Amino acid sequence: MISLTGFAVAALLLLLAALAVFQVALIAGAPLGHFAWGGQHRVLPAKLRVGSVVSIVLYGIFVLIILAKVGAVSLDETVADVAMWVLFAYFVLGILMNAISRSKPERYLMTPVCVVLAAASLLVALG
């Protein structure tokens, strides 16, 4: 039986993977820009595509932090604990930033995604 922390880890990894796929689509020129980066561009300009590349790199770092917190990869326990709380704060900030987006599609899709990411990261941080 999967624990609550295990479920939270699975949710985090699944959502981060989905977000990475979404960012790859944006980089490739998919007309999904109204869901990201303020929603002002249907197809992202080059500068925002670079931002999507950076996002994918960050998601990879987030995965390492999550896996370190649950002991699946080796990292100093204190570093993993602090990093997990920083990740939780980052997702809380994401809730606020997406909630105030001028783009309704971004606000309605990404705000709930960030709520789930924040809640799951809180469970992992506490776990």
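Only this structure's heavy atoms are used, side chains among them; waters, hydrogens and symmetry mates stay out. All values derive from a computational prediction rather than experimental measurement.
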Side-chain donor/acceptor pairs under 3.5 Å, residues 28-41, sequence neighbours excluded:
unit_1: His34; atom_1: ND1; unit_2: Arg42; atom_2: NH1; d: 3.2
unit_1: Trp37; atom_1: NE1; unit_2: Ser52; atom_2: OG; d: 3.2

Atom pairs and distances, side-chain donor-acceptor, residues 67-75, under 3.5 Å, sequence neighbours left out:
unit_1: Lys69; atom_1: NZ; unit_2: Asp81; atom_2: OD1; d: 2.6

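The line from CD1 of Ile100 to CD1 of Ile95 is 13.0 Å long, rounded to the nearest 0.5 Å. How far CG of Leu96 is from OG of Ser101: 13.0 Å, rounded to the nearest 0.5 Å.
Cluster membership check: Leu122 does not share its hydrophobic cluster with Leu93, using side-chain heavy-atom separations under 4.5 Å among Ile, Leu, Val, Met, Phe, Trp and Tyr. Hydrophobic clustering keeps Val115 apart from Leu4 (ILVMFWY residues linked when any side-chain heavy atoms are closer than 4.5 Å, directly or through intermediates). A single hydrophobic cluster is not seen to contain both Met110 and Val43; linkage of ILVMFWY side chains at heavy-atom distances under 4.5 Å, directly or through other members, places them apart. Follow the hydrophobic side-chain contacts under 4.5 Å out from Val113 and you never reach Val92; the two are in separate clusters. In this structure, Leu117 is not a member of the same hydrophobic cluster as Leu64, with clusters built from ILVMFWY side-chain heavy atoms closer than 4.5 Å.
Under the salt bridge (charged side-chain N to carboxylate O under 4.0 Å, His left out) criterion, no residue pair touches residues 114-127, with sequence neighbours excluded. Counting only residues at least two apart or on different chains, no salt bridge (charged side-chain N to carboxylate O under 4.0 Å, His left out) pair has a member in residues 21-35. Within the structure, salt bridge (charged side-chain N to carboxylate O under 4.0 Å, His left out) pairs that include any residue of residues 118-127 do not occur (at least two apart or interchain). Within the structure, the ring-ring contact (aromatic ring centres under 6.0 Å, His included) test picks out the following pairs touching residues 68-92 (sequence neighbours left out): Phe62-Tyr90, Phe62-Phe91, Trp85-Phe88.
Side-chain heavy-atom separations under 4.5 angstrom define the hydrophobic clusters, and the remaining members of the one that includes Val86 are Val82. Alongside Val50, the hydrophobic cluster contains no other residue (criterion: ILVMFWY side chains under 4.5 Å). In the hydrophobic clustering, Ile56 connects to Val24, Ile27, Val53, either directly or through intervening members, whenever side-chain heavy atoms lie under 4.5 Å apart. The hydrophobic side chain of Val21 is isolated, with no ILVMFWY side chain under 4.5 Å apart from it.
With Met84 as the partner, the side chain to side chain contact (heavy atoms under 4.5 Å, CB included) test is satisfied by one option alone out of Val124, Leu126, Val79: Val124.
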Does the pair Leu12 and Ser121 meet the rule for a side-chain contact (heavy atoms from CB on, under 4.5 Å), with working shown?
CA-CA 7 Å; Leu12 284 166; Ser121 64; 4.3 Å; yes
Let me see the working for Thr5 and Leu123 under side-chain contact (heavy atoms from CB on, under 4.5 Å), right down to the final yes or no.
CA-CA 6 Å; Thr5 300; Leu123 289 173; 5.5 Å; no
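Looking at every heavy atom in both residues, Ala80 comes nearest to Ile65 through O-CG2, 4.4 Å.
Lys104 is linked by a side chain to side chain contact (heavy atoms under 4.5 Å, CB included) to Arg107, Tyr108, counting only residues two or more places apart in sequence or in another chain.
Taking the side chain as every heavy atom from C-beta outward, Leu16 and Ile66 approach each other to under 4.5 Å. Taking 4.5 Å as the limit, every side-chain heavy atom of Leu26 sits out of range of all side-chain heavy atoms of Arg49.
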